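Working notes, structure below.
Values in this document were obtained by computation on a predicted structure and should not be read as measured data.
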2 protein chains.
Amino acid sequence: MKTADPELMRAINRFTVLDTIRRHGPISRVEISERSQLSTTTVSAITASLLDDGLILTRHEGDIRNAAARGRPRVMLVLNPDAARVVGAKIAAHQMNFVVTDFCGEVISHLSLPIRVNRQPVGVISDLIEDGVRRCVVDAGLSLDDIDTVCIGFPGVIEHRTGLVRSSPILSEPDVDFAREMSQRLNVATIVESDSHAITLGHHWFGKGRDLDDMVLVSLEQTLGLGVLNGGQLFRGAGGLSHNLGDLMMGCGLAETIRLSALAGEQAILGEQSQQGRFAEAVRLGRGMAHAQTLIAAEDNGLTAAATRAGEAIGIAVANIVTLFGPPRVVIVGSSLLLGHVFLTTLSEAYRRAIPPSIREIAELVFDNSPDEMWAQGAAVVALCELYESPWGTTGPAPAPQH
Amino acid sequence: MKTADPELMRAINRFTVLDTIRRHGPISRVEISERSQLSTTTVSAITASLLDDGLILTRHEGDIRNAAARGRPRVMLVLNPDAARVVGAKIAAHQMNFVVTDFCGEVISHLSLPIRVNRQPVGVISDLIEDGVRRCVVDAGLSLDDIDTVCIGFPGVIEHRTGLVRSSPILSEPDVDFAREMSQRLNVATIVESDSHAITLGHHWFGKGRDLDDMVLVSLEQTLGLGVLNGGQLFRGAGGLSHNLGDLMMGCGLAETIRLSALAGEQAILGEQSQQGRFAEAVRLGRGMAHAQTLIAAEDNGLTAAATRAGEAIGIAVANIVTLFGPPRVVIVGSSLLLGHVFLTTLSEAYRRAIPPSIREIAELVFDNSPDEMWAQGAAVVALCELYESPWGTTGPAPAPQH
DNA sequence: CGATTTTATACGCGTTAAGGAAAAAATGCG
DNA sequence: CGCATTTTTTCCTTAACGCGTATAAAATCG
């Protein structure tokens, strides 16, 4: 059971203020006070402390109120981008993406490496990731010493609390302690997180979930993942395990059951054709879905059927997720969206038919195919969230030692 | 965003102490301090306040430590059963159950009314519930004025925050504001909650979930419900809606989909036979499942097939729930358990086959068919939880006004 | 039987943080 | 240049936690 002491109180209120400044751009102390329900006194004390710690900056310009601004002008506060730097990474089967971001989550440098890591030994993958991180940091004009935290987004089932990769399609062995591995290699605090969770927070900060504190995100890539945002925070089930939608069983009786991944996973959609020729080439380059889309446009019957089947299954699964979580919005992301029109309309239609009428109105479906960079940025956001919540100094301008 | 102030701090710590006393029976202050990580000073102050408010009592007997107990003997603290009384109710299609409990959740009186409320007008149902509550209170030797809170457990989709019954199989109309209706009739604060949520908390306090702060409960009655306990608290999705498992879609493609309720709902299992003769009689008395079990034992092929089909479907659904929430335990309750051996083994077997191997070990399945009284008691627990969290006085012995 | 030991609880004090009142700062307007 | 106005800071009060220590209550020992 969590007990409360002044420290917790300070942590909560500091985070509230910092998060308010992050969300609502340049903002004055009074407005923070209004938004957060904290007294102006408290806001003043906390902002003083944040300024003292160098986490925020004052900006005297930009008071965009009524031009007839009388009285003492507001001093606007913004995050100090230079307060910290983090690295976010997204590891996929055929592609690795790295970003370095500032304290605001803005991307400073981006590195995309089209390398197949699928089924490589853990040591090789660690090597590749280490190289990617180092290079991306150098590209940003920084050194690893300038980096506060690294967060690596991995497909599969990840135990966030311990940094354990319980199972991942790109690792041949289970239960890899990747967090420790990378922390040691880089000598920087490293978080390992499910890629779905990363992109969920990414959308919460910068994407399709900016306005909501409750939502669900479904990611359709090599694995089928889920991120649940509840009260502005990621919902991590008991044990902090990430979810794996692909393991959901579709079907009524044992005779006809099949896992969702076998219906709508990347491999299931692309099928056997993808093992050969130009298709295999495209897949190897991480462009399997795009290639499939051109084939579908050219009326490839097999692929069209696969896309339809996958769309239906996902639509039903999403309806079930909505039944369980009742979110106001479902954001659907991932490479499978590249399958195009057939897939999307089938999905939407299946969803519409599967959702119980009584809750048909509560959730809206939103599709988004942001580039891989955004996934890496999401991982960076995961790292930033931890920084935001970590304790820094104490509130208030420390009683300056009298000289 | 929730901000912190001394009031919140106090509320958190008071609750922690109160909950520790409730859970760990007669307990001394030192032990509370050890368990809660609060200093002995704080525990002393808070317990003084709780004693002052009459919520707890001291007991000088019962120090069950090492017999060679030297030093000052510990003073044991227990909840004061008389600190409050609440009413819990479980409303089902053919049966209403009421309990009055003390502050510890112990049942003082229990009333079971075998009345069919199914599809009655809202006014009639309200009348019946009102009568039941009043009579149960009188049976306990109390008057309604002695009751602090009433909680009514309803099947269906309930919005706990507002007390709205969004949809329920026993109400013919949607969106009934039952909380207000009953509050007005009884002139006592009334909570409306999903019956699944009620029995979940009931099991957390007294049943199969006493030792766990994270678990999932699946209830199989007229409706198929779900309760998720996360960190010792009920997980209520966005908007505080309760879940409805019965609305889950089983099946891969649109052609073969069917809702879980159509496979494993009470009506789906009992089938058309239950409309006639002695079976109908049994159903009307709320003994449909028990009757079905005797028929199955007598090798009724139709019913056996139905039970098998339902067991398979539920087993798969439970596996999917575990995939999503990863709880260490799943408690399965409800009248359908009365179907007996065929149903239970099919369910377990289907679960075993449907659960992904990687997480096969994390969750255990537990069956429980406690009597209806426990559901009502669970509703009482819901009411008690609100009382526990509500602010009472201030911490510590108020600085006695100097005379 | 009283002194000593041992343990539990209570009390005083210091620290930290929130919040209210009022002063101080910074600007526009007459 | 003084005054009105709005924002921010300063000072003070209140509340709560934790530390150290005093006190209370029993068991043991001389």
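B/Arg14 has no side-chain polar atom (N or O) that falls below the 4.0 Å cut-off from OP1 or OP2 of D/dA16. Applying the 4.0 Å criterion to OP1 and OP2 of C/dG20, one finds that A/Thr41 has every side-chain N and O outside that range. When the side-chain nitrogen and oxygen atoms of A/Ser39 are compared with OP1 and OP2 of C/dG19, one or more of them lie within a distance under 4.0 Å. The side chain of A/Thr42 contributes an N or O atom lying less than 4.0 Å from OP1 or OP2 of C/dG19. For C/dT9, one of the phosphate oxygens OP1 or OP2 lies less than 4.0 angstrom from a side-chain nitrogen or oxygen of B/Arg29.
In terms of position on DNA chain C, the residue among A/Thr40 and A/Asn13 whose nearest nucleotide sits closer to the 5' end is A/Asn13.
Closest to the side chain of B/Met9, out of D/dA16, C/dT16, C/dT9, is D/dA16. Side-chain proximity of A/Ile46 to the nucleotides D/dT7, C/dT9, C/dA18 is greatest for C/dA18.
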Could you go through nucleotides 22-24 of chain D and list every protein N or O atom that sits under 3.5 Å from one of its N or O atoms, giving the distance for each pair?
none

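With respect to A/Arg236 and B/Asp214, no salt bridge is recorded, no charged nitrogen being found less than 4.0 Å from a carboxylate O. The pair B/Arg14-B/Asp53 meets the salt-bridge criterion, since a charged nitrogen lies less than 4.0 angstrom from a carboxylate oxygen.
Remark: B/Arg22 qualifies as a cation-pi partner of B/Trp205 under the 6.0 Å distance and 45° angle criteria applied to the six-membered ring.
The distance from atom CG of A/Leu8 to atom P of C/dT15 is 22 Å, rounded to the nearest whole Å. Separating the CG atom of A/Leu38 from the P atom of D/dT8 is a distance of 15 Å, rounded to the nearest angstrom.
Bending across the helix from C/dC1-D/dG30 to C/dG30-D/dC1, expressed as the angle between its end axes from five pairs apiece, amounts to 30° (10° rounding).
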